[in-house]
Amino acid sequence: MANPSPSKLAYVPFVSVENMMKLVHHIGIETMLKGIADYIEDDFRRWDLFDKTPRVASHSEEGVIELMPTSDGDVYGFKYVNGHPKNTKEGLQTVTAFGLLAKVDTGYPVLFSEMTVLTALRTAATSAMVAKHLAPKGAHTMAMIGNGAQSEFQALAMRVICGIETLRMYDVDRAATEKAVRNLDGFGFTLEPCSTPEAAIEGAQIITTCTADKQYATILTDNMVGAGVHINAIGGDCPGKTELHHDILARSDVFVEYPPQTRVEGEIQQMPEDFPVTEMWQVINGTAPGRRDARQITLFDGVGFAIEDFSALRYVRDQLKGTGLYQELDMIADPDDPRDLFGMVLRAKP
Ligand SMILES: NC(=O)c1ccc[n+]([C@@H]2O[C@H](COP(=O)([O-])OP(=O)(O)OC[C@H]3O[C@@H](n4cnc5c(N)ncnc54)[C@H](O)[C@@H]3O)[C@@H](O)[C@H]2O)c1
């Protein structure tokens with residue numbers, strides 16, 4: 001007897017890296033950053049609905065591998081992601097990722113996707129969405145400290161969503177800055193490579209730190225940060241891996257994604273357990289204040305939370321329709337008689 005073919009649900013749309021890049025160009029990178037930011041903001045607005053848990057991290061000497069699950073009751077999602085700062089020296093990425101969405105009512109996956117490119121897009125979209133709420137009015141200049149894989153995405157999202165025009169760039173590795181300058185040429189920025197972090201933050205209303213080092217680093221010291229800035233600190237995202245001197249935290253208003261995760265992984269791991277923070281979803285919902293005055297220092301201690309990945313996957317799923325930019329993966333074993341898994345294996349004998 002011929003094997004019956006699997007049901008439609010057994011095939012899961014898979015977005016490869018190649019197709020993700022095609023999708024970025026099909027949509028337009030600026031439109032996509034804005035679209036993902038809108039999806040993240042919408043999901044932050046319905047925060048209460050989500051299952052929330054700090055990500056499950058497996059640490060090693062060299063880095064970390066993490067699983068990031070969440071669900072809104074209708075759809076479940078997770079991301080696999082690593083963070084290995086030493087990888088670039090071996091010609092490998094610091095961060096790589098993939099993830100999926102599944103229907104809660106059947107448990108069957110409905111999307112499987114690369115997420116290395118998508119993580120860069122969603123991290124930038126989150127940073128810019130947050131800065132839209134917290135940065136000083138009329139911000140036009142951003143310091144970009146750390147000019148690695150995430151940096152151009154960060155810059156572009158800040159331009160599209162917050163109106164950043166001038167980028168003052170610094171990296172310990174000059175070659176990284178030169179690469180970012182080349183990549184960002186033609187996007188309408190005034191690009192100003194700087195030779196020290198102090199020079200980079202001169203005249204900047206937004207300071208983004210996006211470096212990778214597996215240690216308590218001090219990218220910014222207290223005396224470098226004046227009043228009336230917004231700090232977007234995204235490189236400190238693991239126990240023992242931070243970017244800011246704790247005195248900066250002490251005089252800033254700190255905004256976070258999900259406190260139980262950020263207290264372990266973020267800049268605030270340097271502060272006491274009860275250090276006051278504001279959850280970003282409350283600012284978005286209008287139940288907590290964001291920036292109150294022009295001289296305040298606002299600090300987004302961004303570590304990356306599962307809901308942002310869920311939103312990004314949701315966005316991709318919605319945009320895929322009609323593009324053909326995916327493959328159908330035969331991913332779910334689906335015997336004709338659901339109880340006859342064994343028989344299905346037997347019948348597959350060549
Ligand atoms: N918060 C989030 O959601 C999120 C998401 C993705 C990545 N990250 C983190 O962001 C960081 C950057 O990621 P990436 O993929 O761009 O890494 P990357 O390795 O490609 O780039 C990091 C850059 O930082 C530079 N650098 C290191 N120490 C520095 C210092 N003291 N001063 C200035 N520059 C310095 C390096 O030379 C490199 O160019 C990583 O730490 C990563 O874990 C956070």
Side-chain angles (χ1 to χ4, degrees), residues 36 40 55 57 59 62-66 68 79 81-97 99 115-130 143-155 157 168-181 183 193-201 207-221 224 231-245 255-258 261-262 264-268 280 299-309 311-312:
I36 294 173
I40 294 170
R55 58 186 156 200
H59 296 280
E62 295 83 11
V64 64
I65 296 177
E66 298 164 326
M68 303 172 69
K79 178 170 87 171
V81 64
N82 76 305
H84 286 69
K86 56 96 201 171
N87 271 7
T88 47
K89 289 195 188 69
E90 299 162 21
L92 302 172
Q93 291 266 111
T94 298
V95 175
T96 70
M115 288 192 79
T116 305
V117 175
L118 193 57
T119 292
L121 290 161
R122 82 81 156 111
T123 303
T126 303
S127 287
M129 183 276 284
V130 167
M144 182 77 235
I145 301 180
N147 301 152
Q150 310 297 318
S151 66
E152 298 94 333
F153 296 89
Q154 286 282 325
R168 297 182 60 80
M169 307 152 82
Y170 171 74
D171 194 293
V172 279
D173 181 356
R174 186 91 195 158
T177 307
E178 285 164 8
K179 172 237 35 169
V181 167
N183 284 340
C194 301
S195 48
T196 62
E198 287 82 357
I201 65 177
I207 302 171
T208 291
T209 55
C210 186
T211 65
D213 204 345
K214 203 169 169 19
Q215 61 164 335
Y216 293 109
T218 314
I219 308 301
L220 297 181
T221 53
M224 288 164 72
I231 303 173
N232 170 43
I234 67 151
D237 58 357
C238 253
K241 177 169 171 269
T242 58
E243 294 182 303
L244 308 181
H245 192 280
F255 297 81
V256 302
E257 292 140 314
Y258 181 57
Q261 184 177 311
T262 314
V264 176
E265 299 181 350
E267 296 300 325
I268 56 168
M280 230 13 248
L299 194 163
F300 175 49
D301 188 359
V303 292
F305 188 54
I307 292 176
E308 294 147 23
D309 298 304
S311 315

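Quick caveat, the model's predicted, so the values are computed rather than measured. Just follow the structure's listing: the first ligand is 1, and inside any ligand the first atom is 1.
Look at Ser151 and you'll find every heavy atom at least 4.0 Å from all atoms of ligand 1. Not a single heavy atom of Ala217 sits less than 4.0 Å from an atom of ligand 1. Ligand 1 does not have Gln93 within reach: every non-hydrogen atom of the residue lies 4.0 Å or more from it.
Where the criterion is an N or O separation shorter than 3.5 Å, residue side chain and backbone included, Val95 fails it with respect to ligand 1. Inclusion of Thr88 in the set of residues having an N or O under 3.5 Å from an N or O of ligand 1 is not warranted. At least one N or O atom of Asp171 sits closer than 3.5 Å to an N or O atom of ligand 1. Inclusion of Gly302 in the set of residues having an N or O under 3.5 Å from an N or O of ligand 1 is warranted. At under 3.5 Å, a nitrogen or oxygen of Ala149, whether backbone or side chain, sits near a nitrogen or oxygen of ligand 1. Checked by distance only, ligand 1 and Ile145 stay at 3.5 Å or farther apart across all their nitrogen or oxygen atoms.
When only modelled atom types and interatomic distance are considered, Ser127 and Asn232 share a side-chain donor-acceptor pair under 3.5 Å. Neither side chain, Gln150 nor Gln154, offers a donor N or O lying under 3.5 Å from an acceptor on the other. Of the N and O atoms on the side chains of Asn82 and Thr96, at least one donor lies less than 3.5 Å from an acceptor on the other residue.
With Thr119, Val81, Thr211 as candidates, the residue nearest to atom 24 (O) of ligand 1 on a non-hydrogen basis is Thr211. One option in Thr218, Asp237, Asp309, Thr116 has a heavy atom closer to atom 42 (C) of ligand 1 than any other, and that option is Asp237. Closest heavy-atom approach to atom 15 (O) of ligand 1 among the candidates Gln150, His84, Lys89, Glu308: Gln150. The heavy atom nearest to atom 32 (N) of ligand 1, considering only Asp213, Asn147, Thr196, Val172, is found in Val172. Counting only non-hydrogen atoms, the option in Thr123, Asn82, Leu92 that gets closest to atom 5 (C) of ligand 1 is Thr123.
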Side chain to side chain donor-acceptor pair (under 3.5 Å) assessment of Asn147 paired with Thr177: CA-CA 5 Å; Asn147 301 152; Thr177 307; 2.7 Å; yes
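Protein heavy atom nearest atom 12 (C) of ligand 1, with residue, atom name and distance: Cys210 O, 3.5 Å. Counting protein heavy atoms only, atom 27 (C) of ligand 1 is closest to Ala212 O, 3.6 Å. What sits closest to atom 19 (O) of ligand 1 on the protein, heavy atoms only, is Thr94 OG1, 2.7 Å. The single protein non-hydrogen atom nearest to atom 31 (N) of ligand 1 is Ile219 CD1, 3.2 Å, given as residue, atom name and distance. Summary of contacts: the protein heavy atom closest to atom 44 (C) of ligand 1 is Ile234 O, 3.0 Å.
Remark: side-chain polar atoms of Lys241 are not paired, donor with acceptor, to backbone N or O of Glu265 under 3.5 angstrom. A distance-only check finds no donor-acceptor pair linking the side chain of Glu66 to the backbone of Arg55 [under 3.5 Å]. Judged by distance alone, the side chain of Thr123 and the main-chain N or O of Ala120 form no donor-acceptor pair under 3.5 Å. With Thr116 contributing its side chain and Ala97 its backbone, the two residues share a donor-acceptor pair below 3.5 Å. Remark: side-chain polar atoms of Glu267 are paired, donor with acceptor, to backbone N or O of Glu243 under 3.5 angstrom.
Taking every heavy atom of Gly148 and a limit of under 4.0 angstrom, the matching atoms of ligand 1 come to 16 (O), 20 (O), 21 (O), 23 (C), 39 (O). Set against the non-hydrogen atoms of Ala176, the atoms of ligand 1 under 4.0 Å away are 39 (O). Listed by atom number, the atoms of ligand 1 under 4.0 Å from Lys241 heavy atoms are 40 (C), 41 (O), 42 (C), 43 (O). Heavy-atom proximity to Gly304, at under 4.0 Å, picks out these atoms of ligand 1: 1 (N), 2 (C), 3 (O). Close approach to Val303 involves these atoms of ligand 1, each under 4.0 Å from a residue heavy atom: 1 (N), 2 (C), 3 (O).
Minimum interatomic distance between Ala199 and Arg168 (heavy atoms only, all atoms of both residues): O-NH2, 2.8 Å. When all heavy atoms of Cys194 and Ala200 are compared, the closest pair comes out as SG-CA, 3.6 Å.
Taking 4.5 Å as the limit, every side-chain heavy atom of Val81 sits out of range of all side-chain heavy atoms of Asp309.
Residues passing the ring-ring contact (aromatic ring centres under 6.0 Å, His included) test with Tyr258 are Phe305, sequence neighbours excluded. With sequence neighbours left out, the side chain to side chain contact (heavy atoms under 4.5 Å, CB included) criterion links Ala306 to Met68, Thr70.
The proximity of Glu152 to ligand 1, defined as any non-hydrogen pair under 4.0 Å, does not occur for either the backbone or the side chain.
Salt bridge Lys86/Glu62: absent, no basic N to carboxylate O contact under 4.0 Å.
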